[in-house]
Amino acid sequence: MDTTTVTLPKSCTQIQLECPQSIAAKTPIESILKFPALKQWLDLLDIQVTRAEAIKAAGHVEVRQSKVVVDKITIQSVDEFRPGKIGFLKFVADATHYPEEKKVPGVVFLRGGAVAMLLILRTPSSLVYQQKQPMTSFEDTDYVVLTEQPRLAVPDFGLCELPAGMLDDSTGEFSGTAAREIQEETGLVVRPEDLIDLTPPDSEIAGSFGGLRGLYPSAGGCDEFIRLFACEKRVSEKELDELRGRLGGLRDDGEFITLRLVRLCDLWKQCRDMNATAAAYLWDRHLSKK
């Protein structure tokens, strides 16, 4: 077992990191520690620990003084997209909740952030254009682009979802990643500046602490956060018809995507993707502020 000690800079917390030699032989601990998702996880843990210590020091009786202490992290598996680029990391954290001094579930699957896009296509006959006023997602009869592709984790050989993709760790830039994913998966060109961020850092759903990263679809065991975007794009009736059933995605990367068009008012009952449900709701919230 290869081991090292990680020190969190703000709280000065020390955590022992263990990695089986069978994993370290292929992916050394030094490389694992450079994985952006792990670095971000450690940074956020540091912030949480520092915040808990500050609350305790201030003696706020109205705030429950709880804290989780992580003593050790044991790496269980590492998946690389290509040599030297980690895609997924799974570990078990030895974590204790105080003041009860009870263990908390510590299985963590790291994959980092992602983006998803609510892409609304409007033709010249659109009721929104004819009435010259926005419509809620339950009234809007214009179409939303969905991607149908195999999802073995479910498993479903043709699951419909909003166009989505993993965040580019090299830039950390959300809107550019969203625009690129739209083009890769649908063939449609959208400018980053035309995207509406439905989950901005200063969003009202950020809570009292602010700094929203995104929405967490499976926080019980995974760090993944989703940033949701929306875009209205004008297309002709001919362009709309050409999109139906179009093949998309990067075949060499194992993406076998077929495009589906669903009316926005029917999205909630024709798509089991939680991103789609959340995006439709936040789209309505966005319209209500206009």
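Below, all heavy atoms of this structure are taken into account, side chains as well, without hydrogens, waters or symmetry copies.
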### Query
CD1/Ile196 to SG/Cys231 distance, rounded to the nearest 0.5 angstrom?
7.0 Å
### Query
With the threshold set at 4.0 Å, does a side-chain nitrogen-carboxylate oxygen contact exist between Glu30 and Lys34?
no
### Message
If I compare all heavy atoms of Arg213 with all of Arg227, which pair ends up nearest, and what's the gap?
### Response
O-CD, 2.8 Å
### Task
Could you grab the distance from atom CG of Leu119 to atom CD of Glu181, nearest 0.5 Å is fine?
13.0 Å
### Message
Quick one, Thr258 and Thr147 - any side-chain contact, counting heavy atoms below 4.5 Å?
### Response
no
### Task
Apply the test side chain to side chain contact (heavy atoms under 4.5 Å, CB included) to residues Thr3 and Leu17: give CA-CA distance (whole Å), side-chain angles for both, the deciding distance (0.1 Å), then the verdict.
CA-CA 6 Å; Thr3 63; Leu17 179 66; over 6 Å; no
### Query
Between atom CG of Leu45 and atom OG of Ser11, what is the distance when rounded to the nearest 0.5 Å?
7.0 Å
### Task
Inspect the surroundings of CE in Met135 and state if more than 12 heavy atoms from other residues, nucleotides or ligands are less than 6.0 Å away.
yes
### Check: His286 and Leu198 side chains under 4.5 Å, non-hydrogen atoms
yes
### Message
Tell me whether Tyr281 at atom OH has more than 12 heavy atoms from other residues, nucleotides or ligands lying less than 6.0 Å away.
### Response
no
### Task
Check for a donor-acceptor pair, side chain of Asn275 on one end and backbone N or O of Ile226 on the other, with a separation under 3.5 Å.
no
### Query
Which pairs with one or both residues in residues 145-163 pass salt bridge (charged side-chain N to carboxylate O under 4.0 Å, His left out), sequence neighbours excluded?
Glu148-Arg260, Arg151-Glu161, Asp156-Arg272
### Query
Applying the 4.5 Å side-chain criterion to the ILVMFWY set and letting contacts propagate, would Leu159 and Leu146 be lumped into a single cluster?
no
#### Entry: Which atom of Ser125 lies closest to which atom of Glu237, heavy atoms considered
OG-OE2, 2.9 Å
### Message
Is any side-chain heavy atom of Phe35 closer than 4.5 Å to one of Gln40?
### Response
no
### From CA spacing to verdict: salt bridge (charged side-chain N to carboxylate O under 4.0 Å, His left out), Arg122, Asp140
CA-CA 10 Å; Arg122 302 203 185 281; Asp140 199 329; 2.9 Å; yes
### Query
Which atoms form the tightest heavy-atom contact between Leu228 and Ala278, and what is the distance?
CD1-CB, 3.8 Å
### Message
Do Val144 and Leu121 make a side-chain contact, defined as non-hydrogen atoms from C-beta onward lying under 4.5 Å apart?
### Response
no
### salt bridge (charged side-chain N to carboxylate O under 4.0 Å, His left out) evaluation trace for Arg263 with Asp266
CA-CA 5 Å; Arg263 293 188 186 277; Asp266 294 329; 5.2 Å; no
### Message
I want to check something: taking the side chain as every heavy atom from C-beta on, are Val92 and Ile73 in contact at a cut-off of under 4.5 Å?
### Response
no
### Query
Say you draw a straight line from CG of Leu38 to CD1 of Ile86; how long is it, rounded to the nearest 0.5 Å?
8.0 Å
### Message
Side chains of Val49 and Glu53, heavy atoms from C-beta outward: is any pair under 4.5 Å?
### Response
yes
### Lys85 bridged to Glu80 by N-O distance under 4.0 Å
no
### Task
Carefully, step by step, assess Asp241 and Lys238 under the rule salt bridge (charged side-chain N to carboxylate O under 4.0 Å, His left out).
CA-CA 5 Å; Asp241 288 337; Lys238 182 175 182 294; over 6 Å; no
### Task
Can you establish whether the number of heavy atoms outside Lys233 located under 6.0 Å from its atom NZ is more than 12?
yes
### Message
Would a single hydrophobic cluster contain both Trp41 and Ile47, if residues Ile, Leu, Val, Met, Phe, Trp and Tyr are joined by side-chain heavy-atom contacts under 4.5 Å?
### Response
no
### Query
Would a distance-only check, ignoring hydrogens and angles, find a side-chain to backbone donor-acceptor pair under 3.5 Å from Asp284 to Thr136?
no
### Query
With distance as the sole test, does Asp46 use its side chain to make a donor-acceptor pair with the main-chain N or O of Lys10 at under 3.5 Å?
yes
#### Entry: Thr96/Val68 under side chain to side chain contact (heavy atoms under 4.5 Å, CB included): CA gap, chis, key distance, verdict
CA-CA 5 Å; Thr96 306; Val68 175; over 6 Å; no
### Message
So Met274 and Pro217, do their side chains get closer than 4.5 Å, heavy atoms only?
### Response
no
### Task
Using only heavy-atom distances, determine whether the side chains of Glu18 and Gln16 contain a donor-acceptor pair under 3.5 Å.
yes
### Query
For the hydrophobic clusters of this structure (ILVMFWY residues joined by side-chain heavy atoms under 4.5 Å, transitively), does one cluster hold both Leu33 and Val108?
yes
### Message
Can you confirm whether or not the ring centre of Phe109 sits under 6.0 Å from the ring centre of Phe91?
### Response
no
### Message
For a side chain to side chain contact (heavy atoms under 4.5 Å, CB included) check, start with the C-alpha distance between Leu247 and Ile257, then their side-chain angles and the critical distance, and finish with the verdict.
### Response
CA-CA 6 Å; Leu247 301 181; Ile257 294 173; over 6 Å; no
### Summary
Of all heavy-atom pairs linking Val70 and Ala95, the shortest is CG2-CB, 4.1 Å
### Task
State yes or no: do Phe138 and Ile120 share one hydrophobic cluster built from I, L, V, M, F, W and Y residues joined by side-chain heavy-atom distances below 4.5 Å, directly or via other members?
no
## Note on the structure
Rounded to the nearest 0.5 angstrom, the CD1-CD1 distance for Ile32 and Ile23 is 6.5 Å
### Task
Give the minimum heavy-atom separation between Ala37 and Gly112, together with the two atoms involved.
CB-N, 3.8 Å
### Nearest-0.5 Å distance that lies between atom CG in Leu282 and atom CZ in Arg285
8.5 Å
### Task
Take the angle between the ring planes of Tyr216 and Phe225 and call it parallel below 30°, perpendicular above 60°, tilted in between.
perpendicular
#### Entry: Min side-chain heavy-atom separation Thr141-Leu264 under 4.5 Å
no
### Query
Could you go step by step and tell me if Glu224 and Ser218 meet the side chain to side chain contact (heavy atoms under 4.5 Å, CB included) rule?
CA-CA 7 Å; Glu224 182 183 28; Ser218 188; over 6 Å; no
### Query
Should Lys103 and Asp94 count as an ion pair when the cut-off is N to O under 4.0 Å?
yes
### Task
Using atom types as modelled and distance alone, determine if a side-chain donor or acceptor of Glu239 lies under 3.5 Å from a backbone N or O of Ser236.
yes
### Query
Looking only at heavy atoms, which two atoms of Pro163 and Thr186 are closest? And how far apart?
CG-CG2, 4.2 Å
